[in-house]
A.B. asks: 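Encoded as structure tokens, here's the structure I'll be asking about.
Since this is a predicted model, take the numbers as computed values, not measurements.
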2 protein chains.
Amino acid sequence: MRIAEFDREFVLRQAMLAFMQHGYAKTSMQKLTQVTALHPGSLYAAFGNKKGIFLAAIEQYQADRNQQFTALFCQHKPVLPSLRQYLDSIVNECISGDAMKVCLLTKSISEVEGQDPQISHVLMTNLNAYENALAEQFERAIKAGEIPNTRTAEHLARFLAMGLYGLRTYALTNRCEQDLSQLADDLYHAMCN
Amino acid sequence: MRIAEFDREFVLRQAMLAFMQHGYAKTSMQKLTQVTALHPGSLYAAFGNKKGIFLAAIEQYQADRNQQFTALFCQHKPVLPSLRQYLDSIVNECISGDAMKVCLLTKSISEVEGQDPQISHVLMTNLNAYENALAEQFERAIKAGEIPNTRTAEHLARFLAMGLYGLRTYALTNRCEQDLSQLADDLYHAMCN
DNA sequence: CCTTATCTTGAGTGTACATTCAAGATAAGG
DNA sequence: CCTTATCTTGAATGTACACTCAAGATAAGG
């Protein structure tokens, strides 16, 4: 007879940012209560436990990323200009220095791999879905003649996924915008021929 | 008047494997006492604290990797066959399923970035040194005419480093040997032309 | 406006952790 | 073989953590 007062999306996005910044293990419940402005009891009532908050945050992250992705790779626009823009936006995230410079999915799978099969499985599923979303766009690009059909769409998607995971990691070792832009450029051109 | 009984290299390699498997935060001192077969007091006497053990383990890791690298990329042998072999060995590590499938440096920098500037700095320095070692080999390959000089050695090294960081991360999402070999192949060919 | 189901609050609980330290063991120097 | 400096041992300590729960607050239904 009483409705929850907090904004679920706000809470999950705050949690998501905390997990991106500090990682799963080092994001304490105390920190989560701070960033969400919720008391422990409310968090536990809503999400069960810390893992539940994490899984819900991953879901929110994926939903947000998906929306951004489908908005950019609009079905009636050519693929390559969108790809270019996508790469640029990732470079900008990398040099931004804020939490969004990391990918919650890859950072988390690197951390919890071999520790929690359930979390690992969720992350793998989401990353595979991401790869499939890339493949869909390459399929479209090949059909439209934007890209020669010398490699399959799946092959191209796999390579780009690898490249982007690598770009984000590389950016942790070298924050020079020029170098990162050049790498994004290299990736772009590796896709086109 | 009494010499330390334990084998420092053995201890550090055991610690190194534990950190690779569980990450920095989730490798407890208790686990370190187990894998090193040393009691807490001995570990603290030898390395100061957990961070000291970690930094020493990183040093050991880098020394081991360096030795392996310089043995493979021998100065009087052509570069490209060695590169091919190097890529294959990394693919094998990725599909092995053991601790060596991850790179201690990239996994750790992803975890501790923004938490401990000293550790971050050590990791960055080591990863930059790795990139420079790659650049040296590309320099040699270009001078020998194995690779056209359309891109600088530094540029090639940066791209390969990104690719390898990405390959290891990608392998966490897809352990299909064929796919990983193909990606390694793509990277190889991206270097040669 | 009262009832009641649900949410909010935050102090409290048990556990796991990194670290310490004093007592015991051991080998080099004389 | 005794001295003494150093290493080894492992129980003890304080802290930070994830999680619980009972009391208080609040809004929808009657």
A.B. asks: For Glu146(B), check salt bridge (charged side-chain N to carboxylate O under 4.0 Å, His left out) against everything at least two apart and list the hits.
C.D. replies: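 For Glu146(B) there are no salt bridge (charged side-chain N to carboxylate O under 4.0 Å, His left out) partners, ignoring immediate neighbours.
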
A.B. asks: Is Val35(B) close to Leu17(B) at the side-chain level, that is, under 4.5 Å between some pair of heavy atoms?
C.D. replies: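 SC-SC contact between Leu17(B) and Val35(B) ruled out.
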
A.B. asks: Can you tell me which stems DNA chain C forms, taking runs of 3 or more consecutive Watson-Crick or G-U pairs with both distances under 3.5 Å?
C.D. replies: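 In DNA chain C, stems of three or more pairs: C:1-30 with D:1-30.
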
A.B. asks: Protein within reach of the bases, or only the backbone? For nucleotides 11-23 of chain D, mark each nucleotide 5' to 3' as B, S or -, using heavy atoms under 4.0 Å.
C.D. replies: ------SSBBB--

A.B. asks: Using atom CZ of Phe47(B) as one end and atom C1' of dT20(C) as the other, report the distance to the nearest whole Å.
C.D. replies: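 Atom-to-atom, Phe47(B) to dT20(C), this comes out as 18 Å.
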
A.B. asks: Only pairs at least two apart or in different chains count here, so list each side chain to side chain donor-acceptor pair (under 3.5 Å) that has a residue in residues 10-21 of chain A.
C.D. replies: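 Checked against side chain to side chain donor-acceptor pair (under 3.5 Å) - neighbours excluded - the pairs reaching residues 10-21 of chain A are Glu9(A)-Arg13(A), Arg13(A)-Asp64(A).
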
A.B. asks: Measure the distance from CG on Leu43(A) to C1' on dT8(C) and round it to the nearest whole Å.
C.D. replies: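 Rounding to the nearest Å, CG of Leu43(A) and C1' of dT8(C) are 11 Å apart.
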
A.B. asks: Hey, are the side chains of Leu55(B) and Lys51(B) touching, using non-hydrogen atoms and a 4.5 Å cut-off?
C.D. replies: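 The answer is yes, as the side chains (C-beta and beyond) meet within the 4.5 Å cut-off.
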
A.B. asks: Any cation-pi pair here, Arg158(B) with Tyr170(A), using under 6.0 Å and within 45°?
C.D. replies: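 Checked: cation-pi criterion not met.
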
A.B. asks: Once side chain to side chain donor-acceptor pair (under 3.5 Å) is applied, what residue pairs with a partner in residues 93-110 of chain A remain, sequence neighbours excluded?
C.D. replies: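 Residue pairs passing side chain to side chain donor-acceptor pair (under 3.5 Å), neighbours aside: Arg65(A)-Glu93(A), Glu93(A)-Arg168(A), Ser96(A)-Asp98(A), Lys101(A)-Glu113(B).
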
A.B. asks: Could you tell me how far apart Leu38(A) (CG) and dT6(C) (P) are, to the nearest whole angstrom?
C.D. replies: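 So the CG-P distance, Leu38(A) to dT6(C), works out to 19 Å.
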
A.B. asks: Which ring-ring contact (aromatic ring centres under 6.0 Å, His included) pairs, counting each pair once, include a residue from residues 39-76 of chain B, with sequence neighbours left out?
C.D. replies: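 Qualifying pairs, neighbours excluded: Phe19(B)-Phe54(B), Tyr24(B)-Phe54(B), Phe69(B)-Phe73(B), Phe69(B)-Tyr86(B), Phe73(B)-Tyr86(B).
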
A.B. asks: Are Glu154(B) and Glu139(B) packed together at the side-chain level, in the sense that at least one heavy-atom pair is separated by less than 4.5 angstrom?
C.D. replies: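 Result yes, sub-4.5 Å side-chain heavy-atom pair found.
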
A.B. asks: Without decimals, in angstroms, what is the distance between Phe54(B) CZ and dT19(C) P?
C.D. replies: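 Taking CZ of Phe54(B) and P of dT19(C), I get 14 Å after rounding.
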
A.B. asks: Between His39(A) and dT8(C), is there a side-chain N or O to OP1/OP2 distance below 4.0 Å?
C.D. replies: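 No, outside the criterion.
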
